[in-house]
Amino acid sequence: MTGAGADVQFHTIPNVNDLNIRASVESGQPLTFHAGYALDDGAERLEYATDKGVIKIRRERARPSSLQYSFTGGYTWRSARDEITTRFGLSHDMHQIYSRIRTDSFMESAVSSLYGMRVTENRPWEAALCFIVSQFNNMKRIRGTIRSMVHRFGDDIETDGVEARLFPSPEAISNASVADLMACGAGFRARYIKNAAHVFAENPELSSMHGLEYDELKKRLMGIGGVGDKVADCILLFGYGKHEAFPVDVWIKRVVEEVYFNGKGQKAASIHDFANERWGKHAGYAQQYIFEFGRRNKIGVRK
DNA sequence: ACCCAGGCGGGCG
DNA sequence: CGCCCGCATGGG
């Protein structure tokens with residue numbers, strides 16, 4: 001039993017329900033930009049790199065509430081299970097969340113269309129990099145740029161003859177030149193990326209400040225050059241699990257104006273207020289359903 | 001050819 | 001403050 005890829009042992013996470021893996025990884029969240037997803041007749045598979053190793057997930061059609069996984073790198077079966085549990089929000093109470101965000105017929109449609117989509121919780125630095133790259137950019141190019149950075153700056157790991165790369169560390173990106181980052185397709189964001197990488201590398205406590213309140217943490221993040229209001233909210237939501245965050249991008253603005261303001265233009269601040277009043281501590285979940293449902297159905301797009 | 005993209009910082013009024 | 005502009009570059 002030797003040779004490339006031989007003998008990968010799979011473990012199981014039982015009783016996983018209300019999880020739409022595909023929607024969770026194809027809805028503009030960090031995994032959209034660097035993970036690999038595949039679906040065939042018998043099963044769906046997902047593979048993604050973290051800062052510690054590579055996680056593989058498999059779910060067979062015949063056993064839909066059982067998640068199978070394997071790992072390489074610095075994981076144990078326990079820590080890999082915890083990584084998956086956190087990453088996919090397996091402890092989120094989806095029934096509670098849905099009961100709070102299905103406030104109207106639009107949200108009913110969005111939830112029913114994307115049922116099981118999770119707000120994923122990624123590493124803070126990973127979220128920061130992905131969403132800085134996302135500014136004034138499109139999905140395909142964001143993906144190409146992040147993948148290129150993983151390829152060029154992620155550490156190699158080799159386990160059982162299988163080689164892969166980790167998600168690039170802040171140190172590695174900080175040490176790259178602006179020209180190198182632009183060669184990955186980062187464009188004018190290259191200097192923001194280098195700066196943010198430097199800040200995360202020099203302030204490792206940033207990566208474990210989940211205990212701070214939303215306001216305090218947002219202030220901290222917006223102090224990083226290249227991180228503004230929208231990207232800070234994305235890092236709070238997708239990097240620290242702050243579900244009250246409601247990032248307002250061009251899609252959210254368009255859809256919310258169309259659905260809730262009769263097509264009338266609103267300032268970002270009033271959209272924030274509206275979301276906080278309507279969805280409170282679950283606003284981030286509402287945001288993810290509005291974003292993806294609106295984008296898939298091109299709601300509010302003119303012409 | 002042309003407009004747009006999960007924005008941000010800087011400069012001006 | 002609030003508004004306006006440039007910014008790199010590929011996708012549709």
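Protein chains get the first letters and strands the later ones, always in sequence-line order, with residue 1 at the start of each. In what follows, every heavy atom counts, from backbone to side chain, and hydrogens, waters and symmetry copies are set aside.
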Item to check | Closest to side chain of V250(A), choosing from dC8(B), dA5(B), dA8(C) | outcome: dA5(B)

Checklist outcome for this item: Quick note, N138(A) side chain, CB onward, closest among dA5(B), dA8(C), dG7(B) is dA5(B)

Checklist entry - For F136(A) and dG7(B), are the ring centres under 5.5 Å apart with planes inclined under 30°? => result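 According to the criterion (under 5.5 Å, under 30°), yes, F136(A) stacks.
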
Item to check | Given DNA chain C, 5'-ward residue of the pair R191(A) and K140(A), judged by closest heavy atom | outcome: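 Upstream on the strand: R191(A).
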
Base, sugar-phosphate alone, or nothing: which one does [X] contact when heavy atoms must sit under 4.0 Å apart?
{"X": "V248(A)", "answer": "nothing"}
{"X": "G28(A)", "answer": "base"}
{"X": "E292(A)", "answer": "nothing"}
{"X": "K230(A)", "answer": "base"}
{"X": "M182(A)", "answer": "sugar-phosphate"}
{"X": "R295(A)", "answer": "nothing"}
{"X": "R254(A)", "answer": "sugar-phosphate"}
{"X": "S27(A)", "answer": "base"}

Next on the checklist: From CG of N137(A) over to C1' of dC3(B), roughly how many Å is that when rounded to an integer?
Outcome noted: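 The distance from CG of N137(A) to C1' of dC3(B) comes to 15 Å, rounded to the nearest Å.
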
Item to check | Distance, rounded to the nearest Å, where K267(A) contributes NZ and dC1(C) contributes P | outcome: 12 Å

Next on the checklist: Please give the distance between the P atoms of dA8(C) and dG11(B) as a whole number of Å.
Outcome noted: 15 Å

Checklist entry - Do W279(A) and Y214(A) belong together in a cluster built from hydrophobic side chains that touch within less than 4.5 Å? => result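 Cluster IDs for W279(A) and Y214(A) match.
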
Next on the checklist: Against the six-membered ring of F167(A), is R123(A) placed for a cation-pi contact (under 6.0 Å from the centre, within 45° of the normal)?
Outcome noted: no

Item to check | Interatomic distance, S134(A) atom OG to D249(A) atom CG [nearest 0.5 angstrom] | outcome: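 Result: 8.0 Å between the selected atoms.
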
Item to check | F131(A)/D233(A) under side chain to side chain contact (heavy atoms under 4.5 Å, CB included): CA gap, chis, key distance, verdict | outcome: CA-CA 10 Å; F131(A) 286 105; D233(A) 272 330; over 6 Å; no

Item to check | Exercise: do Y260(A) and D104(A) side chains pair donor with acceptor under 3.5 Å | outcome: yes

